[in-house]
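Data first, discussion second: the structure below is written as structure tokens.
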Amino acid sequence: MNMTLTSDEIQKILPHRYPFLLVDKITDYEPGKYANGIKCVTANEMHFVGHFPQKKVMPGVLIIEALAQTGAIAILSEEENKGKIAFFGGIKNARFKRQVVPGDVLELHCEIIKRKGPVGIGECNAYVDGELCVTAQLTFAIEQ
């Protein structure tokens with residue numbers, strides 16, 4: 001059974017708000033295990049004013065942030081982590097395979113592969129139309 005979250009429900013879990021909330025919907029998740037989400041990329045976003053005016057491309061670091069927010073849903077939806085914040089601890093093996101542009105629907109996937117106390121690692125991938133755009137391993141630390 002798929003568990004989904006609307007934008008309003010996401011905001012009850014994540015502290016992020018406009019313009020930095022980068023996940024529009026969670027399409028499936030299991031607390032502590034994984035989360036899948038989507039980000040609808042639109043030309044109206046502020047970063048496209050300067051990146052780049054002549055050829056709009058979503059910055060790779062914002063795709064990484066969207067993946068991190070997706071993983072944070074998996075972690076912060078656990079009962080013991082409700083109301084906490086998950087911070088970046090590191091980024092490994094980030095690879096950018098395809099540009100993301102206005103009109104794309106970014107499919108975000110993060111699986112929690114390792115945890116020790118408040119620290120963990122997520123294996124993350126972002127796709128557009130089934131084509132891999134970004135892959136990275138993200139380390140996080142939950143506030144204590």
Side-chain angles (χ1 to χ4, degrees), residues 1-115 119-143:
M1 178 176 89
N2 280 9
M3 293 178 48
T4 63
L5 296 171
T6 66
S7 179
D8 290 337
E9 292 168 323
I10 289 168
Q11 290 181 59
K12 292 176 183 171
I13 298 170
L14 293 182
H16 305 78
R17 296 295 179 266
Y18 175 84
F20 219 66
L21 179 61
L22 298 175
V23 180
D24 294 323
K25 181 179 182 179
I26 294 295
T27 57
D28 191 20
Y29 74 106
E30 183 178 340
K33 304 287 186 195
Y34 72 92
N36 299 327
I38 59 170
K39 160 78 175 129
C40 299
V41 181
T42 171
N44 296 323
E45 296 172 57
M46 287 301 297
H47 51 268
F48 289 128
V49 172
H51 198 271
F52 302 96
Q54 70 280 15
K55 181 172 174 45
K56 293 173 176 30
V57 177
M58 185 171 180
V61 296
L62 293 182
I63 300 170
I64 295 286
E65 175 63 27
L67 287 165
Q69 290 179 20
T70 303
I73 290 289
I75 293 302
L76 299 177
S77 61
E78 289 184 305
E79 196 59 43
E80 64 269 21
N81 293 326
K82 289 193 181 200
K84 294 184 179 180
I85 297 175
F87 295 101
F88 258 125
I91 303 169
K92 288 173 78 175
N93 302 321
R95 298 290 179 265
F96 301 91
K97 310 269 188 186
R98 177 195 188 278
Q99 292 178 355
V100 176
V101 298
D104 285 343
V105 175
L106 201 53
E107 301 162 35
L108 307 160
H109 307 279
C110 185
E111 180 181 353
I112 308 306
I113 60 170
K114 186 176 182 182
R115 289 180 72 178
V119 176
I121 297 172
E123 193 67 51
C124 303
N125 296 296
Y127 301 85
V128 171
D129 295 328
E131 186 180 345
L132 183 65
C133 300
V134 177
T135 183
Q137 194 174 82
L138 306 179
T139 303
F140 61 86
I142 302 166
E143 75 172 339

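What you see is a predicted model; the values in this text were computed from it and never measured. Residue numbers count from 1 along this sequence.
Counting heavy atoms of neighbouring residues, nucleotides and ligands inside a 6.0 Å radius, atom CD of Glu80 exceeds 12 of them. Open room surrounds NZ on Lys114; 12 or fewer heavy atoms of other groups in view lie less than 6.0 Å from it.
The two residues Val134 and Phe96 make their nearest non-hydrogen contact at CG2-CD2, 3.5 Å. The minimum heavy-atom distance between Phe140 and Ile112, with the atom names listed, is CE2-CD1, 4.0 Å. In plain terms, the two heavy atoms of Leu132 and Arg98 that are nearest each other are O-CB, 3.9 Å. The two atoms that bring Glu78 and Gly32 nearest to each other are OE2-CA, 3.4 Å, heavy atoms only. Taking every heavy atom of both residues into account, Cys110 and Cys124 meet most closely at SG-SG, 3.0 Å.
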Check: residues 54-65 side-chain donor-acceptor pairs under 3.5 Å, at least two apart:
unit_1: Glu65; atom_1: OE2; unit_2: His16; atom_2: NE2; d: 3.4
unit_1: Glu65; atom_1: OE2; unit_2: Gln69; atom_2: NE2; d: 2.9

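Side-chain contact between Asp24 and Lys39 is present, with heavy atoms from C-beta onward closer than 4.5 Å. At a threshold of 4.5 Å between non-hydrogen side-chain atoms, the residues Leu138 and Ile91 count as touching. For the pair Thr70/Ile73, no side-chain contact is recorded, criterion being any heavy-atom separation below 4.5 Å from C-beta on. Between Leu106 and Val128 the shortest side-chain heavy-atom distance falls below 4.5 Å. Side-chain contact between Tyr34 and Asp28 is present, with heavy atoms from C-beta onward closer than 4.5 Å.
Under the 3.5 Å distance criterion, the side-chain polar atoms of Arg17 are matched with a main-chain donor or acceptor of Gln11. With hydrogens and angles ignored, the 3.5 Å screen pairs no side-chain donor or acceptor of Asn93 with any backbone N or O of Ala136. Listed for the Asp104 side chain is no donor-acceptor partner under 3.5 Å among the backbone atoms of Val41.
Within the model, atoms CZ of Phe88 and OG1 of Thr139 stand 9.5 Å from one another, a figure rounded to the nearest 0.5 Å. Distance check: Ile13 CD1 to Asn81 CG gives 11.0 Å after rounding to the nearest 0.5 Å. Here Ile75 contributes atom CD1 and Lys33 contributes atom NZ; the two are 10.0 Å apart, rounded to the nearest 0.5 Å. Atoms NZ and CD, from Lys92 and Glu123 in turn, are 10.0 Å apart once rounded to the nearest 0.5 Å. Note that NE2 of His47 is 10.0 Å distant from CZ of Phe20, once rounded to the nearest 0.5 Å. One finds the CG atom of Leu108 at 11.0 Å from the OH atom of Tyr127 (value rounded to the nearest 0.5 Å).
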Does the side chain to side chain contact (heavy atoms under 4.5 Å, CB included) test come out yes or no for Lys84 and Leu76, once each step is laid out?
CA-CA 7 Å; Lys84 294 184 179 180; Leu76 299 177; 4.3 Å; yes
Go through it in stages, so that I can follow the logic: the residues are Asn125 and Lys97, the test is side chain to side chain contact (heavy atoms under 4.5 Å, CB included), and I'd like the CA-CA distance, side-chain angles, deciding distance and then a yes or no.
CA-CA 11 Å; Asn125 296 296; Lys97 310 269 188 186; over 6 Å; no
